[in-house]
Amino acid sequence: MSLTLTYFPVRGRAEVIRVMLKDQGAEFDEKVITMEMWTESTLKASCLFGQLPIFEDGDLTLYQTNAIRRHLARKLGLYGKDQREAALIDMMDEALQDLLNKYIKLMFEKDDSGKEGYLKALPTGLKPFEKTLSSNKGGFLVGDKISLADYALVLLLIHHQVLSPPCLDAFPSLQSYLKRLCARPNLHAYLHSDDFKSRPIIPGKRA
Amino acid sequence: MGPYTITYFGVRGRCGAMRIMMADQGQEWKEILMDFADWMKGDLKASCVFGQLPKFEDGGLVLYQSNAILRHLGRNHDAYGKDGKEAALIDMMCDGVEDLRLKYGKMIYQEYDTGKDPYIKDLPNHLDKFEAVMAKNKTGFLVGDKPSFADYSLFEVLLNHLVLCSSCLDTSPSLKSFVEKMSARPKIKAFLGSDAYKKLPINGNGKQ
(Lines give C-alpha, C1' and ligand atoms only; values in the text may rest on other atoms or scores of the structure.)
Protein backbone atom coordinates (compact mmCIF):
# COMPACT_ATOMS: atom_id res chain seq x y z
CA MET A 1 0.00 0.00 0.00
CA SER A 2 1.29 3.46 -0.86
CA LEU A 3 0.41 5.86 1.91
CA THR A 4 0.92 9.62 1.89
CA LEU A 5 0.14 12.12 4.63
CA THR A 6 -0.13 15.80 3.71
CA TYR A 7 -0.06 18.22 6.63
CA PHE A 8 1.58 21.26 8.17
CA PRO A 9 5.02 20.86 9.77
CA VAL A 10 3.50 20.42 13.23
CA ARG A 11 2.11 17.62 15.36
CA GLY A 12 -1.35 19.12 15.61
CA ARG A 13 -4.14 16.76 14.72
CA ALA A 14 -2.07 14.54 12.44
CA GLU A 15 0.56 13.40 14.91
CA VAL A 16 -1.61 10.57 16.15
CA ILE A 17 -1.63 9.22 12.57
CA ARG A 18 2.17 9.34 12.48
CA VAL A 19 2.44 7.64 15.88
CA MET A 20 0.14 4.82 14.80
CA LEU A 21 1.93 4.20 11.50
CA LYS A 22 5.39 4.39 13.06
CA ASP A 23 4.46 1.99 15.85
CA GLN A 24 3.02 -0.43 13.31
CA GLY A 25 6.10 -0.19 11.11
CA ALA A 26 4.02 1.02 8.17
CA GLU A 27 5.93 3.07 5.64
CA PHE A 28 4.42 6.33 4.50
CA ASP A 29 5.42 9.48 2.65
CA GLU A 30 4.90 12.98 3.98
CA LYS A 31 4.10 16.11 2.05
CA VAL A 32 4.74 19.16 4.19
CA ILE A 33 2.60 22.24 3.59
CA THR A 34 3.83 25.50 5.06
CA MET A 35 1.34 28.22 6.02
CA GLU A 36 2.62 30.19 3.05
CA MET A 37 1.85 27.38 0.64
CA TRP A 38 -1.55 26.91 2.31
CA THR A 39 -2.63 30.53 1.95
CA GLU A 40 -1.14 31.10 -1.49
CA SER A 41 -2.09 27.96 -3.38
CA THR A 42 -5.33 26.38 -4.53
CA LEU A 43 -4.75 23.38 -2.26
CA LYS A 44 -7.19 24.55 0.44
CA ALA A 45 -9.96 25.01 -2.11
CA SER A 46 -9.34 21.50 -3.38
CA CYS A 47 -9.72 19.93 0.08
CA LEU A 48 -13.22 18.62 0.75
CA PHE A 49 -13.69 20.61 3.99
CA GLY A 50 -10.95 23.14 3.23
CA GLN A 51 -8.69 21.55 5.83
CA LEU A 52 -5.63 19.36 6.28
CA PRO A 53 -4.63 16.56 6.76
CA ILE A 54 -5.08 14.85 3.44
CA PHE A 55 -4.35 11.14 3.38
CA GLU A 56 -3.83 9.10 0.27
CA ASP A 57 -3.97 5.33 0.22
CA GLY A 58 -3.41 4.37 -3.39
CA ASP A 59 -6.28 5.98 -5.28
CA LEU A 60 -8.35 6.65 -2.16
CA THR A 61 -8.07 10.24 -0.91
CA LEU A 62 -9.37 10.93 2.57
CA TYR A 63 -9.89 14.02 4.72
CA GLN A 64 -10.86 14.25 8.40
CA THR A 65 -8.22 12.97 10.80
CA ASN A 66 -10.49 10.48 12.54
CA ALA A 67 -11.76 8.98 9.28
CA ILE A 68 -8.13 8.52 8.24
CA ARG A 69 -7.33 6.91 11.58
CA ARG A 70 -10.29 4.54 11.36
CA HIS A 71 -9.36 3.54 7.82
CA LEU A 72 -5.81 2.70 8.91
CA ALA A 73 -7.10 0.91 12.00
CA ARG A 74 -9.24 -1.33 9.82
CA LYS A 75 -6.31 -2.03 7.50
CA LEU A 76 -3.80 -2.69 10.28
CA GLY A 77 -6.03 -4.75 12.60
CA LEU A 78 -6.27 -2.10 15.31
CA TYR A 79 -10.06 -2.11 15.67
CA GLY A 80 -10.71 -4.93 18.11
CA LYS A 81 -11.47 -8.59 17.50
CA ASP A 82 -15.21 -8.22 16.89
CA GLN A 83 -18.06 -5.76 16.55
CA ARG A 84 -18.51 -5.36 20.29
CA GLU A 85 -14.85 -4.42 20.77
CA ALA A 86 -15.06 -2.06 17.78
CA ALA A 87 -17.99 -0.23 19.40
CA LEU A 88 -16.12 0.09 22.72
CA ILE A 89 -13.02 1.33 20.89
CA ASP A 90 -15.16 3.95 19.13
CA MET A 91 -16.62 5.00 22.47
CA MET A 92 -13.18 5.44 24.05
CA ASP A 93 -11.90 7.26 20.98
CA GLU A 94 -14.83 9.69 20.85
CA ALA A 95 -14.28 10.60 24.51
CA LEU A 96 -10.58 11.09 23.82
CA GLN A 97 -11.49 13.44 20.96
CA ASP A 98 -13.47 15.52 23.47
CA LEU A 99 -10.32 15.81 25.61
CA LEU A 100 -8.13 16.49 22.60
CA ASN A 101 -10.42 19.31 21.44
CA LYS A 102 -10.08 20.98 24.87
CA TYR A 103 -6.29 20.53 24.75
CA ILE A 104 -6.02 22.02 21.25
CA LYS A 105 -8.19 24.95 22.32
CA LEU A 106 -5.80 25.55 25.23
CA MET A 107 -2.74 25.32 22.96
CA PHE A 108 -4.14 28.02 20.70
CA GLU A 109 -4.88 30.43 23.53
CA LYS A 110 -2.79 33.57 23.37
CA ASP A 111 -1.78 33.50 27.01
CA ASP A 112 -1.64 31.13 29.96
CA SER A 113 -4.81 32.38 31.65
CA GLY A 114 -6.81 29.27 30.79
CA LYS A 115 -4.16 26.81 31.94
CA GLU A 116 -5.07 26.78 35.64
CA GLY A 117 -8.74 26.04 35.00
CA TYR A 118 -7.78 23.45 32.41
CA LEU A 119 -5.48 21.58 34.77
CA LYS A 120 -8.09 21.69 37.52
CA ALA A 121 -10.62 20.02 35.22
CA LEU A 122 -8.14 17.53 33.78
CA PRO A 123 -8.44 14.81 36.47
CA THR A 124 -12.17 14.52 35.77
CA GLY A 125 -11.34 13.95 32.12
CA LEU A 126 -8.64 11.38 32.81
CA LYS A 127 -10.46 9.41 35.50
CA PRO A 128 -12.60 7.26 33.13
CA PHE A 129 -9.45 6.10 31.33
CA GLU A 130 -7.67 5.33 34.61
CA LYS A 131 -10.72 3.33 35.67
CA THR A 132 -10.94 1.47 32.35
CA LEU A 133 -7.26 0.54 32.35
CA SER A 134 -7.26 -0.57 35.96
CA SER A 135 -10.22 -2.87 35.37
CA ASN A 136 -9.31 -4.17 31.90
CA LYS A 137 -6.78 -6.91 32.47
CA GLY A 138 -5.80 -6.96 28.80
CA GLY A 139 -3.53 -3.96 29.30
CA PHE A 140 -5.18 -1.77 26.69
CA LEU A 141 -8.33 0.32 26.63
CA VAL A 142 -10.31 -2.47 24.97
CA GLY A 143 -9.40 -6.14 24.73
CA ASP A 144 -5.84 -7.33 24.78
CA LYS A 145 -4.36 -5.60 21.74
CA ILE A 146 -3.44 -2.02 20.99
CA SER A 147 -6.17 -0.18 19.12
CA LEU A 148 -7.08 3.10 17.46
CA ALA A 149 -8.09 4.51 20.85
CA ASP A 150 -4.82 3.57 22.57
CA TYR A 151 -2.81 5.69 20.15
CA ALA A 152 -5.03 8.69 20.88
CA LEU A 153 -4.63 8.17 24.62
CA VAL A 154 -0.88 7.60 24.62
CA LEU A 155 -0.17 10.76 22.62
CA LEU A 156 -2.55 12.78 24.80
CA LEU A 157 -0.73 11.54 27.90
CA ILE A 158 2.69 12.33 26.41
CA HIS A 159 1.61 15.89 25.67
CA HIS A 160 -0.03 16.34 29.07
CA GLN A 161 3.13 15.23 30.86
CA VAL A 162 4.89 18.05 29.04
CA LEU A 163 2.12 20.51 29.90
CA SER A 164 2.13 19.56 33.57
CA PRO A 165 4.52 16.84 34.74
CA PRO A 166 2.58 15.97 37.92
CA CYS A 167 -0.74 15.55 36.10
CA LEU A 168 -0.58 11.74 36.18
CA ASP A 169 0.52 11.48 39.82
CA ALA A 170 -2.94 10.42 40.93
CA PHE A 171 -3.32 7.86 38.13
CA PRO A 172 -1.10 4.79 38.57
CA SER A 173 -2.73 2.77 35.79
CA LEU A 174 -2.27 5.60 33.30
CA GLN A 175 1.34 5.97 34.40
CA SER A 176 2.19 2.31 33.95
CA TYR A 177 0.25 2.16 30.66
CA LEU A 178 2.17 5.15 29.32
CA LYS A 179 5.50 3.67 30.39
CA ARG A 180 4.69 0.30 28.82
CA LEU A 181 3.43 1.70 25.53
CA CYS A 182 6.32 4.11 25.16
CA ALA A 183 8.67 1.15 25.56
CA ARG A 184 7.27 -0.53 22.45
CA PRO A 185 10.39 -0.65 20.21
CA ASN A 186 9.08 1.22 17.15
CA LEU A 187 7.20 3.79 19.20
CA HIS A 188 10.18 4.31 21.49
CA ALA A 189 12.44 4.89 18.51
CA TYR A 190 10.01 7.37 16.97
CA LEU A 191 9.42 9.32 20.18
CA HIS A 192 13.20 9.71 20.56
CA SER A 193 13.74 10.70 16.94
CA ASP A 194 14.60 14.22 15.82
CA ASP A 195 11.62 13.89 13.46
CA PHE A 196 9.22 13.77 16.42
CA LYS A 197 11.12 15.93 18.89
CA SER A 198 11.69 18.80 16.50
CA ARG A 199 8.09 19.01 15.33
CA PRO A 200 6.18 21.68 17.30
CA ILE A 201 2.79 20.81 18.79
CA ILE A 202 1.17 23.69 16.92
CA PRO A 203 2.85 26.54 15.04
CA GLY A 204 5.19 28.30 17.46
CA LYS A 205 4.54 25.96 20.37
CA ARG A 206 7.32 23.50 21.00
CA ALA A 207 6.83 20.51 23.26
CA MET B 1 -28.70 -7.50 18.23
CA GLY B 2 -31.14 -5.68 20.47
CA PRO B 3 -33.17 -5.00 22.42
CA TYR B 4 -32.23 -1.34 22.08
CA THR B 5 -32.65 1.22 24.86
CA ILE B 6 -31.80 4.93 24.84
CA THR B 7 -31.40 6.83 28.11
CA TYR B 8 -31.28 10.57 27.44
CA PHE B 9 -32.81 13.91 28.30
CA GLY B 10 -36.18 14.83 26.85
CA VAL B 11 -34.70 16.43 23.75
CA ARG B 12 -33.66 15.42 20.26
CA GLY B 13 -30.12 16.67 20.77
CA ARG B 14 -27.46 14.05 20.22
CA CYS B 15 -30.02 11.23 19.91
CA GLY B 16 -31.87 12.72 16.97
CA ALA B 17 -29.90 10.92 14.28
CA MET B 18 -29.83 7.51 15.95
CA ARG B 19 -33.62 7.59 16.50
CA ILE B 20 -34.26 8.39 12.85
CA MET B 21 -31.82 5.65 11.83
CA MET B 22 -33.43 3.02 14.03
CA ALA B 23 -36.89 4.04 12.85
CA ASP B 24 -35.86 3.77 9.19
CA GLN B 25 -34.26 0.39 9.85
CA GLY B 26 -37.55 -0.86 11.30
CA GLN B 27 -36.09 -1.19 14.78
CA GLU B 28 -38.01 -0.83 18.00
CA TRP B 29 -36.34 0.81 20.95
CA LYS B 30 -37.13 1.76 24.52
CA GLU B 31 -36.76 5.38 25.64
CA ILE B 32 -35.81 6.30 29.17
CA LEU B 33 -36.28 10.07 29.32
CA MET B 34 -34.19 11.60 32.06
CA ASP B 35 -35.51 14.54 33.97
CA PHE B 36 -32.71 17.09 34.40
CA ALA B 37 -33.35 17.45 38.14
CA ASP B 38 -33.01 13.67 38.57
CA TRP B 39 -29.81 13.74 36.50
CA MET B 40 -28.33 16.39 38.78
CA LYS B 41 -28.90 14.10 41.77
CA GLY B 42 -25.93 12.30 40.31
CA ASP B 43 -26.53 8.56 40.72
CA LEU B 44 -26.97 7.79 37.03
CA LYS B 45 -24.28 10.32 36.06
CA ALA B 46 -21.78 8.59 38.33
CA SER B 47 -22.52 5.28 36.63
CA CYS B 48 -21.98 6.64 33.12
CA VAL B 49 -18.44 6.03 31.90
CA PHE B 50 -17.85 9.66 30.92
CA GLY B 51 -20.51 11.17 33.16
CA GLN B 52 -22.67 11.99 30.15
CA LEU B 53 -25.77 10.91 28.27
CA PRO B 54 -26.85 9.41 25.94
CA LYS B 55 -26.47 5.91 27.25
CA PHE B 56 -27.31 3.22 24.70
CA GLU B 57 -27.96 -0.42 25.37
CA ASP B 58 -27.87 -3.15 22.74
CA GLY B 59 -28.79 -6.18 24.78
CA GLY B 60 -25.96 -6.46 27.29
CA LEU B 61 -23.65 -4.03 25.51
CA VAL B 62 -23.69 -0.55 27.04
CA LEU B 63 -22.36 2.30 24.92
CA TYR B 64 -21.84 6.02 25.36
CA GLN B 65 -20.81 8.71 22.83
CA SER B 66 -23.40 9.40 20.15
CA ASN B 67 -21.09 8.86 17.18
CA ALA B 68 -19.88 5.52 18.58
CA ILE B 69 -23.55 4.53 18.88
CA LEU B 70 -24.23 5.59 15.26
CA ARG B 71 -21.25 3.55 14.02
CA HIS B 72 -22.40 0.53 16.03
CA LEU B 73 -25.86 0.80 14.47
CA GLY B 74 -24.15 1.19 11.10
CA ARG B 75 -22.39 -2.14 11.60
CA ASN B 76 -25.55 -3.83 12.91
CA HIS B 77 -27.74 -2.70 10.03
CA ASP B 78 -25.43 -2.80 7.02
CA ALA B 79 -25.30 0.99 6.93
CA TYR B 80 -21.50 1.35 6.88
CA GLY B 81 -20.79 0.96 3.17
CA LYS B 82 -20.18 -2.13 1.07
CA ASP B 83 -16.40 -2.21 1.51
CA GLY B 84 -13.46 -0.57 3.28
CA LYS B 85 -13.30 2.30 0.82
CA GLU B 86 -16.98 3.21 1.29
CA ALA B 87 -16.59 2.82 5.07
CA ALA B 88 -13.74 5.34 5.04
CA LEU B 89 -15.72 7.83 2.96
CA ILE B 90 -18.75 7.40 5.26
CA ASP B 91 -16.54 8.08 8.29
CA MET B 92 -15.21 11.18 6.56
CA MET B 93 -18.69 12.53 5.85
CA CYS B 94 -19.93 11.76 9.38
CA ASP B 95 -16.93 13.60 10.81
CA GLY B 96 -17.81 16.56 8.59
CA VAL B 97 -21.37 16.49 9.94
CA GLU B 98 -19.99 16.35 13.48
CA ASP B 99 -17.97 19.53 12.83
CA LEU B 100 -21.20 21.21 11.72
CA ARG B 101 -23.03 19.91 14.82
CA LEU B 102 -20.32 21.40 17.04
CA LYS B 103 -20.65 24.82 15.37
CA TYR B 104 -24.47 24.64 15.61
CA GLY B 105 -24.31 23.59 19.26
CA LYS B 106 -21.92 26.41 20.13
CA MET B 107 -24.24 28.96 18.52
CA ILE B 108 -27.38 27.52 20.13
CA TYR B 109 -26.01 27.14 23.64
CA GLN B 110 -23.49 29.99 23.89
CA GLU B 111 -24.25 32.71 21.37
CA TYR B 112 -27.81 32.45 20.12
CA ASP B 113 -28.85 36.09 20.37
CA THR B 114 -25.79 37.61 18.75
CA GLY B 115 -24.55 34.59 16.84
CA LYS B 116 -27.68 33.37 15.05
CA ASP B 117 -27.60 35.80 12.12
CA PRO B 118 -23.86 35.51 11.40
CA TYR B 119 -24.20 31.71 11.68
CA ILE B 120 -26.98 31.64 9.08
CA LYS B 121 -24.99 33.95 6.84
CA ASP B 122 -21.92 31.69 7.04
CA LEU B 123 -23.93 28.48 6.64
CA PRO B 124 -23.65 28.16 2.82
CA ASN B 125 -19.86 27.93 3.20
CA HIS B 126 -20.36 24.73 5.20
CA LEU B 127 -23.37 23.28 3.42
CA ASP B 128 -21.76 23.61 0.00
CA LYS B 129 -19.26 20.85 0.89
CA PHE B 130 -22.11 18.39 1.49
CA GLU B 131 -23.98 19.72 -1.55
CA ALA B 132 -20.95 18.98 -3.74
CA VAL B 133 -20.63 15.40 -2.47
CA MET B 134 -24.34 14.73 -2.74
CA ALA B 135 -24.50 16.17 -6.26
CA LYS B 136 -21.47 14.17 -7.39
CA ASN B 137 -22.67 10.84 -5.99
CA LYS B 138 -25.98 10.98 -7.86
CA THR B 139 -27.53 8.13 -5.88
CA GLY B 140 -29.28 10.42 -3.41
CA PHE B 141 -26.92 9.36 -0.62
CA LEU B 142 -23.55 10.65 0.48
CA VAL B 143 -21.66 7.44 -0.27
CA GLY B 144 -22.68 4.39 -2.27
CA ASP B 145 -26.25 3.61 -3.13
CA LYS B 146 -27.93 3.12 0.22
CA PRO B 147 -28.31 5.17 3.40
CA SER B 148 -25.40 5.04 5.82
CA PHE B 149 -25.19 6.38 9.36
CA ALA B 150 -23.60 9.51 7.84
CA ASP B 151 -26.76 10.09 5.81
CA TYR B 152 -28.98 9.80 8.90
CA SER B 153 -26.72 12.20 10.78
CA LEU B 154 -26.67 14.72 7.93
CA PHE B 155 -30.44 14.43 7.43
CA GLU B 156 -31.11 15.10 11.09
CA VAL B 157 -28.77 18.07 11.30
CA LEU B 158 -30.34 19.55 8.15
CA LEU B 159 -33.85 19.16 9.64
CA ASN B 160 -32.66 21.17 12.64
CA HIS B 161 -31.13 23.81 10.39
CA LEU B 162 -34.41 24.15 8.48
CA VAL B 163 -36.07 25.03 11.78
CA LEU B 164 -33.35 27.63 12.38
CA CYS B 165 -33.78 29.06 8.89
CA SER B 166 -36.43 27.60 6.59
CA SER B 167 -34.70 28.87 3.45
CA CYS B 168 -31.22 27.58 4.28
CA LEU B 169 -31.28 24.83 1.64
CA ASP B 170 -32.65 27.01 -1.15
CA THR B 171 -29.22 27.30 -2.76
CA SER B 172 -28.40 23.60 -2.25
CA PRO B 173 -30.68 21.66 -4.61
CA SER B 174 -29.11 18.24 -3.96
CA LEU B 175 -29.40 18.65 -0.20
CA LYS B 176 -32.95 19.93 -0.52
CA SER B 177 -33.87 16.88 -2.59
CA PHE B 178 -32.04 14.63 -0.12
CA VAL B 179 -34.07 15.99 2.79
CA GLU B 180 -37.31 15.61 0.83
CA LYS B 181 -36.53 12.02 -0.18
CA MET B 182 -35.39 10.96 3.30
CA SER B 183 -38.48 12.58 4.86
CA ALA B 184 -40.68 10.64 2.44
CA ARG B 185 -39.22 7.23 3.30
CA PRO B 186 -42.26 5.52 4.90
CA LYS B 187 -40.74 4.64 8.28
CA ILE B 188 -39.01 8.02 8.59
CA LYS B 189 -42.23 9.80 7.60
CA ALA B 190 -44.14 7.87 10.25
CA PHE B 191 -41.52 8.65 12.90
CA LEU B 192 -41.33 12.36 12.07
CA GLY B 193 -45.15 12.51 12.28
CA SER B 194 -45.23 10.74 15.64
CA ASP B 195 -45.81 12.34 19.02
CA ALA B 196 -42.60 10.71 20.20
CA TYR B 197 -40.65 12.88 17.76
CA LYS B 198 -42.76 16.02 17.77
CA LYS B 199 -43.04 16.40 21.55
CA LEU B 200 -39.28 16.67 22.09
CA PRO B 201 -37.58 20.04 21.63
CA ILE B 202 -34.44 20.00 19.49
CA ASN B 203 -32.15 21.49 22.12
CA GLY B 204 -31.97 21.57 25.89
CA ASN B 205 -32.24 25.34 26.25
CA GLY B 206 -35.34 25.69 24.11
CA LYS B 207 -33.52 27.63 21.40
CA GLN B 208 -33.77 26.46 17.81
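Convention: sequence-line order gives letters A, B, ...; per-chain numbering from 1. Keep in mind that this is a model prediction, so the values were computed, not measured. Scope of the values below: all heavy atoms of this structure, side chains included, with no hydrogens, waters or symmetry mates.
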Is it true that B:Arg71 and A:Asp93 have a side-chain N and a carboxylate O under 4.0 angstrom from each other? no
Please indicate whether A:Glu36 has more than 12 foreign heavy atoms, meaning atoms of other residues, nucleotides or ligands, lying under 6.0 Å from its CD. no
Report the option among B:Asp58, B:Asp91, B:Leu102 that has the most heavy-atom pairs separated by less than 4.5 Å from atoms of chain A. B:Asp91
Heavy-atom cut-off 4.5 Å, strictly under: side chain, backbone, both or neither for B:Gln52 against chain A? side chain
Can you name the closest pair of heavy atoms from B:Ala88 and A:His71 and give their distance? CB-ND1, 3.7 Å
Is chain B contacted by the side chain of A:Gln51, its backbone, both, or neither, given a heavy-atom distance below 4.5 Å? side chain
Contact between A:Gln83 and B:Asn76 at the side-chain level, heavy atoms closer than 4.5 Å - yes or no? yes
Measure across A:Leu48 and B:Val133 and return the closest heavy-atom pair with its distance rounded to 0.1 Å. CD1-CG2, 3.6 Å
Taking all heavy atoms of B:Ala68 and all of A:Ala87, pick out the closest pair and write down the distance. CB-O, 4.2 Å
Please classify the contact of B:Leu61 with chain A as side chain, backbone, both or neither, using a heavy-atom distance under 4.5 Å. side chain
Does A:Asp98 form a side chain to side chain contact (heavy atoms under 4.5 Å, CB included) with B:Gln65? I'd like the steps, not just the answer. CA-CA 10 Å; A:Asp98 285 349; B:Gln65 298 289 338; 3.8 Å; yes
Where on B:Ile69 is there a heavy atom nearer than 4.5 Å to chain A: the side chain, the backbone, both, or neither? neither
Segment of A:Leu62 engaging chain B (4.5 angstrom heavy-atom cut-off): both
Turns out that what part of A:Ile68 lies under 4.5 Å from chain B's heavy atoms comes down to neither
Please indicate whether B:Arg185 has more than 12 foreign heavy atoms, meaning atoms of other residues, nucleotides or ligands, lying under 6.0 Å from its CZ. yes
Who wins among B:Gly84, B:Ala87, B:Ser66 for the most heavy-atom pairs under 4.5 Å with chain A? B:Ala87
Heavy-atom distances under 4.5 Å only: say whether B:Tyr80 touches chain A with side chain, backbone, both or neither. side chain
Heavy-atom closest contact (B:Met92 atom, A:Phe49 atom, distance): O-CE1, 3.9 Å
Pick from A:Lys131, A:Glu94, A:Met92: which one has the most heavy-atom pairs with chain B under 4.5 Å? A:Glu94
Counting neighbours of NZ on B:Lys129 that are heavy atoms of other residues, nucleotides or ligands and sit closer than 6.0 Å, is the number greater than 12? yes
Can you establish whether the number of heavy atoms outside A:Lys31 located under 6.0 Å from its atom NZ is more than 12? no
When you measure from the side chain of B:Asp95 to the backbone of A:Gln64, do you find a donor-acceptor pair of N or O atoms at a distance under 3.5 Å? no
